[in-house]
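All heavy atoms count here, side chains included; hydrogens, waters and symmetry mates do not. Everything numeric in this text was worked out from a predicted model, so none of it was measured.
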2 protein chains.
Amino acid sequence: MQAKGKSNLVSKSAACKSANPTINDVAALAGVSKKTVSRVINRSPLLSDATRDKVETAIRKIGFVPNPQARALALRRNFLIVLLHDNPNAQTVLNFQTGVLQTIRDSDLALVVRPVDRDSADMLADVRTFLEKQRPLGVLLLPPISERGDLADLCRNAGVEYVRIGSAMLDDEAHCVASNDREVVSEACQALIERGHRRIGFVRGPSGFRSAQEREDGFRDTMAQAGIALNEEWIAQGNYRFSSGLVAGEQILKAAPRPTAILASNDEMAAGVMHAAKHLGIDVPSKLSIVGFDDSPTASHLWPPLSTVRWPIVEMGRVAARKLVARYLPDFDEGAGPLPTRLASTFIDRASMGSPSD
Amino acid sequence: MQAKGKSNLVSKSAACKSANPTINDVAALAGVSKKTVSRVINRSPLLSDATRDKVETAIRKIGFVPNPQARALALRRNFLIVLLHDNPNAQTVLNFQTGVLQTIRDSDLALVVRPVDRDSADMLADVRTFLEKQRPLGVLLLPPISERGDLADLCRNAGVEYVRIGSAMLDDEAHCVASNDREVVSEACQALIERGHRRIGFVRGPSGFRSAQEREDGFRDTMAQAGIALNEEWIAQGNYRFSSGLVAGEQILKAAPRPTAILASNDEMAAGVMHAAKHLGIDVPSKLSIVGFDDSPTASHLWPPLSTVRWPIVEMGRVAARKLVARYLPDFDEGAGPLPTRLASTFIDRASMGSPSD
DNA sequence: AATGTGCCAGACACCGGTGTCAGAAAGAGC
DNA sequence: GCTCTTTCTGACACCGGTGTCTGGCACATT
């Protein structure tokens, strides 16, 4: 069963422990062809157990690791996961990365982070070029750009798998991981109502954002269900930034009567509202309760610490990466459990919420 | 001057507009060999202008873009920049990425972000494996891991270029981009002294960190030069986290007499000190001035807004990337100016700093 | 005119894997 | 024992670039 006839069993074999071992070294050592080694690496089912063992032993012995560049060239596909994001808060991006990396830790995959500019006219062209050049396994889309259907279409057309992360179901189960913003805002709003608040204000996020819409819907629905009338004077729009929260807060708080509680669509704007209250000499939480959304680091650093909502973002990163990879490497998960699509956020009740004093 | 004899000028030429054009398509169109096209791509100096023009026209005409995977295989080098970081604050990482991406925007380079676990026993092995597999052009090391000499050695040995970012010169000019923590802390300290503060406390960063050392040195030097005695009761150690700042603040503020100002080595700890002051009913800034470091988003959201120090982190990302790339692509910069090694931070005087009241 | 020199461009192998297809080995049916 | 399958394995070309080396041509030298 020796190598017979003219085989391409390679010559290079000569004790090359030093440099990176190649598939040829393994083939020579195991006495098989490189194609057979390739089959072992790729878990081909058409292999006899004896051959597989022989090759696996050889692989372990010389510590062979397939060259990703060669694989990428031959397969026309890089073992890369791209994280596309546009300017959500930094901690969210980083935590999401953490989750993704936990999933791919022991695989051959690498994570590429790619910020994009939502406002740029040729954002789509940029992304297309990038995907065509890098040919990644798939992309992960973080909000807010995950909401853009054209990006998802682009991925599909480019033959790149994708998973969209968002405040609500943005796509079918296989292509998204969603939170339950509406429900959890509702929970926060109910908590305010239970403490006796009736005059409740709201700072909306920018229009056109699904997250903003979901959160506002959660607020409006809950108020309606509780039979509490809304006062549009207590509702203002922001753009998710601190400064817009400041402006919105000042505007809402000069209403008469003013609300006893304000829900903001994210923490930055909640911090802005808090500043507005300080400027106006309104004490938080005795005269005004404030609730944010995101559980950014800022939330716990504020005084009083901000009640807010925490997305299970690390977990979302883990799940999103698993969804992506599972499509290529069916046995990747090894019974790591089901792949949920909805991951519930949690309302964190800190000190910025109190009972109305009047 | 037609192709003569048996050339490898390819057959595939037939109107393949649709798929990605290859170097062979360009060669066929321009009537040259693929090697000549390769020379044009790589700006080889041994080309006649006529040939170059011909090929460049062909490249533009069919929109040819070299396949990065094939290049990586042939060159044994990926056109990748890796950002290695370990858990500094999220905004810093993100801003740094922004800078790097500004530099490489129009190049073939891609940015890979790789968080590492400083505390893991096999962190070095992990990084080595990663570098050997990905074969990046170079790595960028963000603090605090940029301070580790063994990581820099590893890069050198793996034949991967590196640039270390830090609070002070960590390496020779070509291999680092540094801030001037010592000087700018000194500036902040002097500002406190000028406002009349004499009882000044300090929250140190964790020992073993160069940044922590630099900042403390800046504080101690300035106090010494001003001839103000230090009270070790007003100096506490933290670990750069909010909770440690809280503990440090409580400890320092129960001293009698207590300081009228406290410098903290970063914003998170400064926020902790501020919370401690609130708990103890000490007003900021009238009874206590607080200065942080980092200009994290939190700093401006606190009440009162925190005086702090801003690293020119985006600029540092730009410069670091340029330093890395310049070593491979000498004409990359195209007269973009000198490559500084020291980038000065700026002291931002916000509302958390006042004059002592007693 | 014959030779020397320098500059350009092409043929060819190679980087390290994978797809295809043909063919060998092993078991089934007669 | 001899075909017919079925199962496994190997030769070879290929992915799309790059390094090396050789050779053609123009021009200068004798």
Side-chain angles (χ1 to χ4, degrees), chain A residues 1-12 16 19-28 30-55 59 64-79 108 132-133 135, chain B residues 1-12 16 19-28 30-55 59 64-79 108 132-133 135:
Chain A
M1 209 179 283
Q2 309 292 46
K4 46 198 98 82
K6 62 202 67 170
S7 85
N8 66 352
L9 295 187
V10 191
S11 45
K12 196 181 173 188
C16 54
N20 285 345
T22 74
I23 200 170
N24 287 328
D25 302 324
V26 178
V32 298
S33 73
K34 54 193 265 198
K35 180 62 206 178
T36 300
V37 178
S38 165
R39 288 198 179 94
V40 173
I41 299 170
N42 294 290
R43 294 197 178 69
S44 159
L46 313 95
L47 274 171
S48 72
D49 290 345
T51 309
R52 192 192 313 278
D53 286 351
K54 205 164 51 177
V55 173
I59 288 180
F64 165 70
V65 179
N67 177 316
Q69 286 77 42
R71 262 155 78 84
L73 178 57
L75 291 168
R76 286 169 203 73
R77 176 122 281 152
N78 244 317
F79 278 44
D108 293 335
E132 282 174 355
K133 283 199 339 199
R135 297 169 186 263
Chain B
M1 208 181 279
Q2 309 292 45
K4 47 198 100 86
K6 63 202 67 170
S7 85
N8 66 353
L9 294 187
V10 192
S11 45
K12 195 181 173 185
C16 55
N20 285 343
T22 74
I23 199 170
N24 287 327
D25 301 324
V26 177
V32 299
S33 73
K34 56 193 263 196
K35 180 62 207 179
T36 299
V37 177
S38 166
R39 287 196 180 96
V40 173
I41 299 169
N42 294 291
R43 294 196 177 70
S44 159
L46 312 97
L47 275 172
S48 71
D49 289 345
T51 310
R52 193 191 313 276
D53 285 351
K54 204 165 50 177
V55 173
I59 288 179
F64 166 70
V65 179
N67 177 315
Q69 286 77 42
R71 262 155 78 86
L73 178 58
L75 292 168
R76 288 169 203 73
R77 178 121 280 153
N78 243 318
F79 277 44
D108 293 334
E132 283 174 354
K133 284 201 336 201
R135 298 169 186 264

Specify the residues of residues 65-75 of chain B, ordered by number, for which at least one heavy atom lies under 4.0 angstrom from an atom of DNA chain C.
->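 The answer is B:Leu73, B:Ala74.
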For nucleotides 7-9 of chain D, which of its nitrogen or oxygen atoms have a protein nitrogen or oxygen under 3.5 Å away, and what is each distance?
{"residue": "D:dT9", "atom": "OP1", "partner": "A:Ser48", "partner atom": "OG", "Å": "2.9"}
{"residue": "D:dT9", "atom": "OP1", "partner": "A:Thr51", "partner atom": "OG1", "Å": "2.0"}
{"residue": "D:dT9", "atom": "OP2", "partner": "A:Ser48", "partner atom": "N", "Å": "3.2"}

Would you mind reading off the bend of the helix from C:dA1-D:dT30 to C:dC30-D:dG1 from its two end axes, five pairs each, to 10 degrees?
->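 What I find for the helix from C:dA1-D:dT30 to C:dC30-D:dG1 is an axis angle of 60°.
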Side chain proximity check, A:Arg135 to A:Leu75, heavy atoms < 4.5 angstrom = no
Please identify each residue that fulfils side-chain hydrogen bond (donor to acceptor under 3.5 Å, both in side chains) with [X], with sequence neighbours left out.
| X | value |
| --- | --- |
| B:Lys133 | A:Asp108 |
| B:Arg39 | none |
| B:Ser44 | none |

d(A:Thr22 OG1, A:Asn67 CG) to nearest 0.5 Å is 9.5 Å
Closest contact, heavy atoms only, B:Ser38 versus B:Ile23 =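 Shortest heavy-atom contact: N-CD1, 3.8 Å.
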C:dG16 base to A:Lys34 side chain: any donor-acceptor pair below 3.5 Å?
->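 In this structure, the two groups form no donor-acceptor pair.
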Would you kindly give the [atom1]-to-[atom2] distance between [X] and [N], to the nearest whole Å?
| X | N | atom1 | atom2 | result |
| --- | --- | --- | --- | --- |
| B:Arg76 | C:dG17 | CZ | C1' | 14 Å |
| B:Arg77 | D:dG19 | CZ | P | 13 Å |
| B:Lys35 | D:dT18 | NZ | P | 7 Å |
| B:Asp108 | D:dG17 | CG | C1' | 13 Å |

Considering just the side-chain nitrogens and oxygens of B:Asn24, establish if one lies under 4.0 Å of OP1 or OP2 belonging to D:dG17.
->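 So the side chain of B:Asn24 is outside the cut-off, no N or O lying under 4.0 Å from OP1 or OP2 of D:dG17.
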